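Notes follow the structure.
Keep in mind that what you see is a predicted model, and the values were worked out from it rather than measured.
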Number of protein chains: 2
Amino acid sequence: MVSGSSLPKGVGMDWSKRAECSEISLNVDDFGDQELMELSNFIVVHGAGSFGHFQASKSGVHKGGLERPLVKAGFVATRISVTKLNLEIVRALARESLPAIGMSPFSCGWSTCQRNFGSANLSTVTKALDSGFVPVLHGDAVLDEAQGCTILSGDVIIRYLAEHLKPDYVVFLTDVLGVYDRPPTEPGAVLLREIAVNEDGSWSVLKPRLKDSSRQVEITVAAHDTTGGMMTKISEAAMIAKLGIDVYIATTNHSVRALRGELRGDVIPDDWLGTLVRFSR
Amino acid sequence: MVSGSSLPKGVGMDWSKRAECSEISLNVDDFGDQELMELSNFIVVHGAGSFGHFQASKSGVHKGGLERPLVKAGFVATRISVTKLNLEIVRALARESLPAIGMSPFSCGWSTCQRNFGSANLSTVTKALDSGFVPVLHGDAVLDEAQGCTILSGDVIIRYLAEHLKPDYVVFLTDVLGVYDRPPTEPGAVLLREIAVNEDGSWSVLKPRLKDSSRQVEITVAAHDTTGGMMTKISEAAMIAKLGIDVYIATTNHSVRALRGELRGDVIPDDWLGTLVRFSR
């Protein structure tokens, strides 16, 4: 989730020892007293990807039942994996001079009830933002009041943050160009450039005009994905769009212009490849 | 900080990929439906050690001033380092079948005011305990209402937890046998076996009887240690003892008996090497 414009460049903020050298290299003078580039409020949320989904699905953490040894062990294993990924992402951002702060939903005290993410105290997130940091949140194993535990997905977290923090826009990064009318590996798959979300939550494809408009858009969910894959992403994106917040779904390459706020106008440039999900006013 | 008795053994809970093999090895059947060994409420708190103290002291995170680029970068670098250490400790515990859950004070929303740790919401910690997990907390860079940021040391966290959660006893693990009457590397240094803490917070050595009782006990603080070294440990231990909670300071080897609750009696066995800090009633 992004609200802001240009990303800063400068001095690295990961001062950990590198594998290849025994010394921590840091020149305090590099920092001088110059101002760090001003960064608008900006939050990063990532999922578990290959870190965590295996651990969660093998043990059924998303289905609850912490009294079962396998579920409890899976909960611990999932948290270890997602924390590892979070740390790597924070380090990568810090190396690029982003003041990234890893924040774990479990530690933030966020929990669910019957797998629904009803309420979470966002004060730690907003305090981190107010102090000029970039909170880096992630999908996590959390406690559930009804079933003991579950998985809180990154997509659900983004929607919750969007609802309560009202960012200018939200960007979803994907490994395909955006949302397709069928699995993108299938021949003839068409990239959906603009999706309009209606008041009742239903959505329709505005651009391109699909030849066979009666044909259903097929959305598949990978078997190992405990949090719903592209289907969850679109429905979460639709719910965010309903709040009047534009959602861009794009690859890292094409996301840059979205992140910079260059796509805020009514018409999306033809050379931008991705999916815009927007409230149909 | 420990409250409880025996540690369980069984199935590993770190299912991350190992460097030496490409597959995650997990046999779901290993878990069966047998009960995990019952674990009493048990919290682990660690400091930053070589992870974090360098980053914090080089940048002056403990002195505050987040508007300075060096301090902000140091804050980010410190959090990366301590998170890395926390993850390694959680993984080590999980491999020994302890349901360890890393919890970061920053993410828990704990902050200080004028470097004093006044209040922290412990509900996330107690919920983790109630769900049968072992929270693993650590010294961390946190926000400070007065000076922007500071370092919250593991020792201070332990005292706060002791005050509010009232454990049966607390064990401090050290790399020397316990507290000595002078730096333990000096010839003739004497291990203090029992320290009595008085109502006014002052403390005196009960055992052994020091020949020259007028001689001051010298406590040194390493220059790189931003959180006070052994001096902080003893004064924090004294404050915990004043609550009526026994504090054992020992190496990992000698801590086992303390952790198991075998030293709860009035007289400490002669073959146990360590320092007991106890309220003088």
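- For M13(A) against I80(B), the heavy-atom pair with the smallest separation is O-CD1, 3.8 Å.
- Taking both residues in full, the closest heavy atoms of I101(B) and F106(A) are given as CG2-CE2, 3.4 Å, listed atom of the first, atom of the second, then distance.
- Atom-to-atom distance recorded for S131(B):OG and L143(A):CG is 4.0 Å, nearest 0.5 angstrom.
- Nearest heavy atom pair, residue K72(B) against residue F133(A), reads CG-CE2, 3.8 Å.
- Atom CD of E163(B) is surrounded by more than 12 heavy atoms from other residues, nucleotides or ligands within 6.0 Å.
- When heavy atoms are compared at a cutoff of 4.5 Å, S123(A) does not approach chain B at all.
- Distance check: T83(A) OG1 to M103(B) CE gives 11.5 Å after rounding to the nearest 0.5 Å.
- Shown here for V76(B) and A100(A), the closest heavy-atom pair between the two residues is CG1-O, 3.5 Å.
- Contact between W15(A) and G74(B) at its shortest, heavy atoms only, is CH2-CA, 3.5 Å.
- Residue D14(A) holds its CG atom at 8.5 Å from CD of Q55(B), rounded to the nearest 0.5 Å.
- Between S107(A) and G102(B) the shortest heavy-atom distance is OG-O, 3.6 Å.
- One finds the NZ atom of K127(B) at 6.5 Å from the CD atom of E145(A) (value rounded to the nearest 0.5 Å).
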